[in-house]
Protein chains: 2
Amino acid sequence: MNGRNGRTVSIPTIRDVASHAGVSVATVSRVVNNSLHKVHPATRQRVLRSVHRLSYHPNVMAQGLRRGTSHSIALIVPDISNPFYPAIARGAEDVARQHGYVLVLGNTDGDPGRERAYLDILRKRWVDGVLFASAGGDDRHLRALRASGVPAVLIARDVAAGAVDTVLVDSYAGMRQATSHLLRLGHRRIAYIGGPHSLSVARERLRGYRQALRDFSVPPDPSLITSGDFRVDGGRAAIRRLMERRRLFTAVVAANDLTAIGAMEALRSAGRGIPDDVAVVGFDDIPFAAFVDPPLTTVAQPTYRLGALAMERLLALMREEAATTRRIMLQPQLVVRRSCGAYLLAGPTS
Amino acid sequence: MNGRNGRTVSIPTIRDVASHAGVSVATVSRVVNNSLHKVHPATRQRVLRSVHRLSYHPNVMAQGLRRGTSHSIALIVPDISNPFYPAIARGAEDVARQHGYVLVLGNTDGDPGRERAYLDILRKRWVDGVLFASAGGDDRHLRALRASGVPAVLIARDVAAGAVDTVLVDSYAGMRQATSHLLRLGHRRIAYIGGPHSLSVARERLRGYRQALRDFSVPPDPSLITSGDFRVDGGRAAIRRLMERRRLFTAVVAANDLTAIGAMEALRSAGRGIPDDVAVVGFDDIPFAAFVDPPLTTVAQPTYRLGALAMERLLALMREEAATTRRIMLQPQLVVRRSCGAYLLAGPTS
DNA sequence: TTGTACGCGTTATCAG
DNA sequence: CTGATAACGCGTACAA
């Protein structure tokens with residue numbers, strides 16, 4: 001009887017192995033843990049054979065109780081069904097699994113209360129580390145996390161307080177790259193539809209747009225800079241505003257993909273061609289730019305790598321190889337799907 | 001010292017609470033576990049106060065070791081970055097969290113070896129239950145799982161052997177509904193682009209198409225029934241084949257969204273209008289039908305509910321309320337985004 | 001109604 | 001090199 005559902009499958013313990021091999025539990029433990037403690041090769045073989053014979057696996061719970069470790073790592077995101085996160089989760093899980101850890105997934109909807117609650121739960125569960133995609137710029141939870149001593153890596157979001165490891169995508173560089181592409185194609189009057197100013201990614205993207213103009217010595221026209229809400233409606237509304245005010249532009253840069261889709265829609269229904277007439281650029285966080293019509297050139301974010309790298313960093317932290325806290329910036333990449341100059345780029349939009 | 005990273009935050013144990021409240025550990029245990037064992041109201045209050053005062057939380061590891069339970073549930077999917085799964089994960093996690101469980105996420109890429117390996121890991125970890133989205137029709141792992149006594153619920157896939165609880169979306173009904181809609185609009189020559197015959201969902205969808213024709217007394221034309229690969233290319237190729245052979249049709253039903261997109265593309269580049277000329281129907285598993293141009297009417301799968309329901313069923317199973325193994329079929333819903341008769345429907349495509 | 005003491009399976013310390 | 005044994009924190013017979 002092992003307490004599992006009435007089934008009476010007797011799972012072998014370290015003691016079973018010990019008696020089967022005719023040694024003590026201590027020796028078995030030393031063997032299975034590759035302890036630096038010397039153990040006679042012959043004995044080791046005997047033990048190993050018994051382990052295999054009984055198909056013994058150490059009880060993770062007991063190990064955890066003893067070592068204060070659970071061999072599990074949490075990934076906390078606002079919402080896994082937001083298309084920005086699944087690839088991150090996949091990257092993180094792949095690396096975790098390779099290192100013998102399992103991934104615990106938590107959704108917070110970006111609600112600070114739920115974020116805090118989850119962090120509490122994880123502490124209770126002796127999670128060995130946390131990958132945290134916070135929603136807001138609020139860093140109090142991080143402080144708490146830090147204080148509790150659980151290694152943590154922040155992903156996809158920037159936080160003012162620099163005392164925590166971070167892995168994110170370079171919004172600034174991405175948008176600079178996208179805007180430069182339009183400029184190289186000859187566009188000079190490029191409208192910008194940004195995101196909410198409260199989000200650092202939105203601010204960074206705008207900065208990238210501005211820098212690109214500067215690079216090409218094009219004076220920025222404030223009347224072409226408007227902002228949306230990272231949703232389709234925002235893009236639609238922004239274009240309508242621009243057209244009502246009779247602004248002239250030959251291209252549009254949108255702060256994310258949904259905004260770009262809204263913009264394209266509004267442009268089209270106003271009778272302007274895409275992309276013969278107007279080039280649209282967005283910053284996409286949803287991997288479906290290829291299926292939009294017309295298919296959009298995309299500055300894709302390396303979300304899988306982001307997850308994988310963050311996990312690797314976290315593991316390093318857990319091994320105490322964390323000499324100093326780092327801030328890792330991944331570069332998004334321009335994926336040209338058509339030559340005419342319409343794009344999408346990507347970033348979390350919640 | 002609690003073994004966590006050298007931090008010396010002393011986490012209170014049940015003994016701390018006991019001494020703080022001036023009672024024995026047994027009493028504390030009885031209180032925090034709402035044991036049926038009688039305990040004096042006054043004593044209970046004292047204990048509760050101490051618990052709160054010290055912010056005591058039972059050590060999950062120790063509980064687990066003692067009770068053979070981990071308060072965690074695994075969700076095993078082929079690939080979380082396949083857009084069909086994130087909403088399922090979200091639904092499952094929401095329900096799990098409400099019941100005090102955490103969700104462990106695993107990706108198998110549909111590889112039987114990896115599926116098996118993961119199931120092994122989970123057994124070792126004393127996971128309390130498993131939500132399993134197998135890739136193939138292979139049910140050996142399920143047998144193994146079943147044999148190990150871990151409660152399990154199969155999701156999104158059908159499996160021949162009926163001895164396991166299953167929650168899935170009714171592919172047959174969905175496709176019948178979609179096809180009927182086209183028939184009601186007056187279409188009679190409706191091409192069908194199916195999925196790989198090895199997948200039961202593909203077979204079910206074809207069956208739904210056929211039934212709809214029968215419902216309307218339209219004799220099925222075998223030359224209009226072709227098959228794809230659940231990818232964009234398959235849809236494209238299928239349409240080209242049909243047109244090369246000069247088949248006449250006024251509508252297309254595709255077995256999934258990507259196929260439908262390919263079909264639309266091929267139709268358009270052949271100079272046929274969408275949807276004025278041809279109505280396209282797919283079965284979509286990727287929630288972006290709204291962003292395709294023209295936006296597609298969709299028979300959407302209730303993936304969130306699928307995850308939530310499966311988790312609820314699993315919890316019932318774990319509470320041994322599983323009188324008999326059940327097979328729960330969720331109905332997909334037609335979401336009409338345009339009146340003209342172009343659609344997408346959804347299902348897992350891996 | 002409350003308390004004592006054992007065991008869950010491991011690991012680490014200390015003697016041999 | 002090996003073995004006995006004391007924790008780790010909790011739940012629960014059993015005794016009081």
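Note: hydrogens, waters and symmetry copies are ignored here, and every other heavy atom, side chains too, is used. Letters go in sequence order (proteins before strands), and every chain restarts at 1.
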Item to check | Selected nucleotide, minimal atom distance to B/Arg66 side chain, candidates D/dT2, C/dC8, C/dG3 | outcome: C/dC8
Checklist entry - Where the side chain of B/Leu65 is defined as all heavy atoms beyond and including C-beta, which of C/dT2, C/dC8, D/dC8 is the nearest nucleotide? => result C/dC8
Checklist entry - Under 4.0 Å between a side-chain N/O of A/Thr27 and OP1 or OP2 of D/dG3, yes or no? => result yes
Checklist entry - Between C/dT10, D/dT2, D/dC1, which nucleotide gets closest to the side-chain atoms of A/Lys38? => result D/dC1
Checklist entry - Using a cut-off of 4.0 Å on non-hydrogen atoms, how would the nucleic acid contact of B/Ser35 be classed: base, sugar-phosphate, or nothing? => result nothing
Checklist entry - How sharply is the helix from C/dT1-D/dA16 to C/dG16-D/dC1 bent, taking the axes over five pairs at either end and rounding to 10 degrees? => result 50°
Checklist entry - Which listed nucleotide (C/dT10, D/dT2, C/dT4) is nearest to the side chain of A/Thr13? => result C/dT10
Checklist outcome for this item: Atom CZ of A/Arg67 and atom P of C/dT13 are separated, to the nearest Å, by 13 Å
Checklist entry - In terms of side-chain heavy atoms, does B/Tyr118 have a donor or acceptor partner in B/Asn107 at a distance below 3.5 Å? => result no
Next on the checklist: Nearest heavy atom decides the nucleotide; on that basis, is A/Ala26 or B/Pro41 closer to the 5' end of DNA chain C?
Outcome noted: B/Pro41
Next on the checklist: Is there a side-chain contact between B/Ser29 and the phosphate of D/dT12, meaning an N or O under 4.0 Å from OP1 or OP2?
Outcome noted: no
Next on the checklist: Quick check: closest heavy atoms across A/Ser50 and A/Ala21, and the distance to 0.1 Å?
Outcome noted: OG-CB, 3.2 Å
Checklist entry - For the side chain of A/Gln63, counting heavy atoms from C-beta on, which of C/dT2, D/dG9, C/dT11 is nearest? => result C/dT11
Checklist entry - Quick one: which of C/dT1, C/dC14, C/dT10 gets closest to the side chain of A/Pro58? => result C/dT10
Next on the checklist: Could you tell me how far apart B/His57 (NE2) and D/dG9 (P) are, to the nearest whole angstrom?
Outcome noted: 16 Å
Next on the checklist: The side chain of B/Val25 is closest to which nucleotide in this list: C/dT10, C/dC8, C/dA5?
Outcome noted: C/dA5
Checklist entry - What's the verdict on side-chain contact (heavy atoms from CB on, under 4.5 Å) for B/Arg319 and B/Leu314, showing C-alpha distance, side-chain angles and the deciding distance? => result CA-CA 9 Å; B/Arg319 287 190 300 261; B/Leu314 180 58; over 6 Å; no
Next on the checklist: Test of understanding: with salt bridge (charged side-chain N to carboxylate O under 4.0 Å, His left out), list the residues that count as partners of B/Asp120, not counting sequence neighbours.
Outcome noted: B/Arg123
Checklist entry - Within the modelled atom types, does a donor on one side and an acceptor on the other bring the side chain of A/His40 and the base of D/dT2 under 3.5 Å apart? => result no
Item to check | Donor + acceptor pair across side chains of A/Thr325, A/Asp165 (<3.5 Å) | outcome: no
Item to check | Atom-to-atom span, CG of A/Asn33 to C1' of C/dT13 - whole angstrom | outcome: 15 Å
Checklist entry - Taking A/Ile14 as the fixed residue, which of A/Val28, A/Val51, A/Thr27 is the one that meets the side-chain contact (heavy atoms from CB on, under 4.5 Å) rule? => result A/Val28
Next on the checklist: Could you tell me how far apart A/Ile14 (CD1) and C/dT11 (C1') are, to the nearest whole angstrom?
Outcome noted: 8 Å
Checklist entry - With a 3.5 Å cut-off and no angle check, do the side chains of B/Ser35 and B/Asn33 form a donor-acceptor pair? => result no
